[in-house]
Engineer: 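Once you've had a glance at the structure underneath, I'll fire off some questions.
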Amino acid sequence: MTWPTEPAELIARQQELVRTQPELWAPPERFLIGGVWTCFPRGLVGPGSATDRAWTSAVVLDGRQVVAMELVTDHASGPYLPGLLALRLGPLWNDVVRRLHPRPDVLLVDATGRDHPRQAGLALQLGAVLDLPTVGVTHRPLTASGDWPADERGGTSPLTIGTDQVATWLRTRKGTRPLVVHPGWRTDLPMAIRIVSASLAGHRTPEPLREARRLSRRARESENL
DNA sequence: GCGACAG
DNA sequence: ATCTTGTCGC
């Protein structure tokens, strides 16, 4: 499986992907949750390009214990264009997650799923390529819209495209901006909310994503010190 | 035409 | 993603 380098190629891949109907994942009692994150140099403006350096990390957590971590220092694979995030991050995320041992049972990514111009965001595509259930967690929706939930931990409210609910706002902490939780590859809405809620450990952002971000930022900062 | 637009 | 001050809270 390869990653498209041109918008037209990626769009064609997304149009295939949207027709795929994988079997829903059946989470066991206890499972390993992974997270992946990419940092870019400070001061970048605009969509960026393949010349941008990128620090990408992935982790696996068993409860709160980090049982695997990988860091890849490389370059972005392309610019960021709305709806075409895979051009910038697809190959990086794919590579770093494949290095993890043990592999996670489910992976958290900063990307959307069905909330996408072609209903085929990177959370879905990465899961399909890696054959791994995924859940998307973003700061804001891409295409969907919906009002915020009440300011109570655990509060949710629908994010819809037309009449379809494609994601949900989730208030992970009282008094903070809600996150957007996206069902990804082989996950549905209730499952995605359950997985994110179970990995919060008291913070606004799920621990696997916080840990991966820590590693990436630490690597970036350690170069100019 | 104008604005919005995952990271 | 990154750029941004102060501020409230554990």
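Chain A is the first sequence line, chain B the second, and so forth, proteins listed ahead of strands; every chain is numbered from 1.
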Engineer: Mind checking Pro141(A) for me? I need base, sugar-phosphate or nothing, with any heavy atom below 4.0 Å counting as a touch.
Structural biologist: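 Sugar-phosphate contact only - Pro141(A) comes under 4.0 Å of backbone atoms but never of a base.
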Engineer: How many whole angstroms separate atom CD of Gln14(A) from atom C1' of dA6(B)?
Structural biologist: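 These atoms are roughly 12 Å apart.
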Engineer: Using atom CZ of Arg140(A) as one end and atom P of dA6(B) as the other, report the distance to the nearest whole Å.
Structural biologist: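 Taking CZ of Arg140(A) and P of dA6(B), I get 4 Å after rounding.
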Engineer: From CZ of Arg53(A) over to C1' of dA1(C), roughly how many Å is that when rounded to an integer?
Structural biologist: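 Rounding to the nearest Å, CZ of Arg53(A) and C1' of dA1(C) are 15 Å apart.
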Engineer: For Arg204(A), look at atom CZ and say whether over 12 heavy atoms of other residues, nucleotides or ligands are found less than 6.0 Å away.
Structural biologist: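 Yes, because the 6.0 Å sphere around CZ of Arg204(A) holds more than 12 heavy atoms from other groups.
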Engineer: Check this for me: Arg173(A), atom CZ, are more than 12 non-hydrogen atoms of other residues, nucleotides or ligands nearer than 6.0 Å?
Structural biologist: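 Incorrect, the count does not exceed 12.
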Engineer: Is there a side-chain polar atom (N or O) of Tyr80(A) under 4.0 Å from OP1 or OP2 of dA6(B)?
Structural biologist: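 So the side chain of Tyr80(A) is within the cut-off, an N or O lying under 4.0 Å from OP1 or OP2 of dA6(B).
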Engineer: Using atom CH2 of Trp37(A) as one end and atom P of dA6(B) as the other, report the distance to the nearest whole Å.
Structural biologist: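 Those two atoms, CH2 and P, are 14 Å apart.
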Engineer: Ignoring the backbone of Arg220(A), work out which of dA1(C), dT2(C), dC5(B) is nearest its side chain.
Structural biologist: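 Out of dA1(C), dT2(C), dC5(B), the nucleotide with an atom closest to Arg220(A)'s side chain is dT2(C).
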Engineer: Just N and O in the side chain of Arg213(A): are any of them under 4.0 Å from OP1 or OP2 of dA1(C)?
Structural biologist: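 No, outside the criterion.
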Engineer: Rounded to the Å, how far apart are Leu84(A) CG and dA6(B) C1'?
Structural biologist: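 Rounded to the whole Å, the gap is 11 Å.
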Engineer: Evaluate whether atom CZ of Arg177(A) has more than 12 neighbouring non-hydrogen atoms of other residues, nucleotides or ligands under 6.0 angstrom away.
Structural biologist: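 More than 12 within 6.0 Å, yes.
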Engineer: So, under a plain 3.5 Å distance rule, would you say the side chain of Thr112(A) forms a donor-acceptor pair with the base of dA6(B)?
Structural biologist: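 Side chain to base: pair found, below 3.5 Å.
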Engineer: Please work out if Gly136(A) contacts a base, only the sugar-phosphate, or nothing of the nucleic acid, heavy-atom cut-off 4.0 Å.
Structural biologist: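 Here Gly136(A) touches no strand at all.
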Engineer: Without decimals, in angstroms, what is the distance between Leu87(A) CG and dA6(B) C1'?
Structural biologist: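 To the nearest whole Å, that distance equals 13 Å.
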Engineer: Taking Asp115(A) for the side chain and Ala167(A) for the main chain, is one N or O donor matched with an acceptor at less than 3.5 Å?
Structural biologist: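 No; zero donor-acceptor contacts below 3.5 Å.
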Engineer: Using the six-membered base ring of dA1(C), report whether Phe40(A) stacks on it, requiring centroids under 5.5 Å and planes under 30° apart.
Structural biologist: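 Phe40(A) ring does not meet the centre or angle cut-off for dA1(C); no stack.
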Engineer: Tell me: NE2 of His182(A) to P of dA6(B), nearest whole Å?
Structural biologist: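 Rounding to the nearest Å, NE2 of His182(A) and P of dA6(B) are 10 Å apart.
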Engineer: Considering just the side-chain nitrogens and oxygens of His116(A), establish if one lies under 4.0 Å of OP1 or OP2 belonging to dC5(B).
Structural biologist: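 So the side-chain polar atoms of His116(A) never come under 4.0 Å of the phosphate oxygens OP1 or OP2 of dC5(B).
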Engineer: OP1 or OP2 of dT2(C) sitting under 4.0 Å from any side-chain N/O of Arg217(A)?
Structural biologist: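 It does, given that an N or O in the side chain of Arg217(A) lies less than 4.0 Å from OP1 or OP2 of dT2(C).
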Engineer: Can you identify which nucleotide, out of dC5(B), dT2(C), dG7(B), has its nearest atom closest to the Arg42(A) side chain?
Structural biologist: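 Given the options dC5(B), dT2(C), dG7(B), the side chain of Arg42(A) is closest to dT2(C).
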Engineer: Considering every strand and a 4.0 Å limit on heavy-atom distances, what is the contact class for Thr143(A): base, sugar-phosphate, or nothing?
Structural biologist: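 Here Thr143(A) touches no strand at all.
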Engineer: Please report the distance, rounded to the nearest Å, between CH2 in Trp55(A) and P in dG7(B).
Structural biologist: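 Taking CH2 of Trp55(A) and P of dG7(B), I get 19 Å after rounding.
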Engineer: So what does Gly121(A) hit on the nucleic acid, given a heavy-atom distance under 4.0 Å: a base, only sugar-phosphate, or nothing?
Structural biologist: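 Here Gly121(A) touches the bases of the nucleic acid.
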Engineer: Is it the case that Trp93(A) and Thr56(A) place a side-chain donor and acceptor less than 3.5 Å from each other?
Structural biologist: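 No, no side-chain donor-acceptor pair sits under 3.5 Å.
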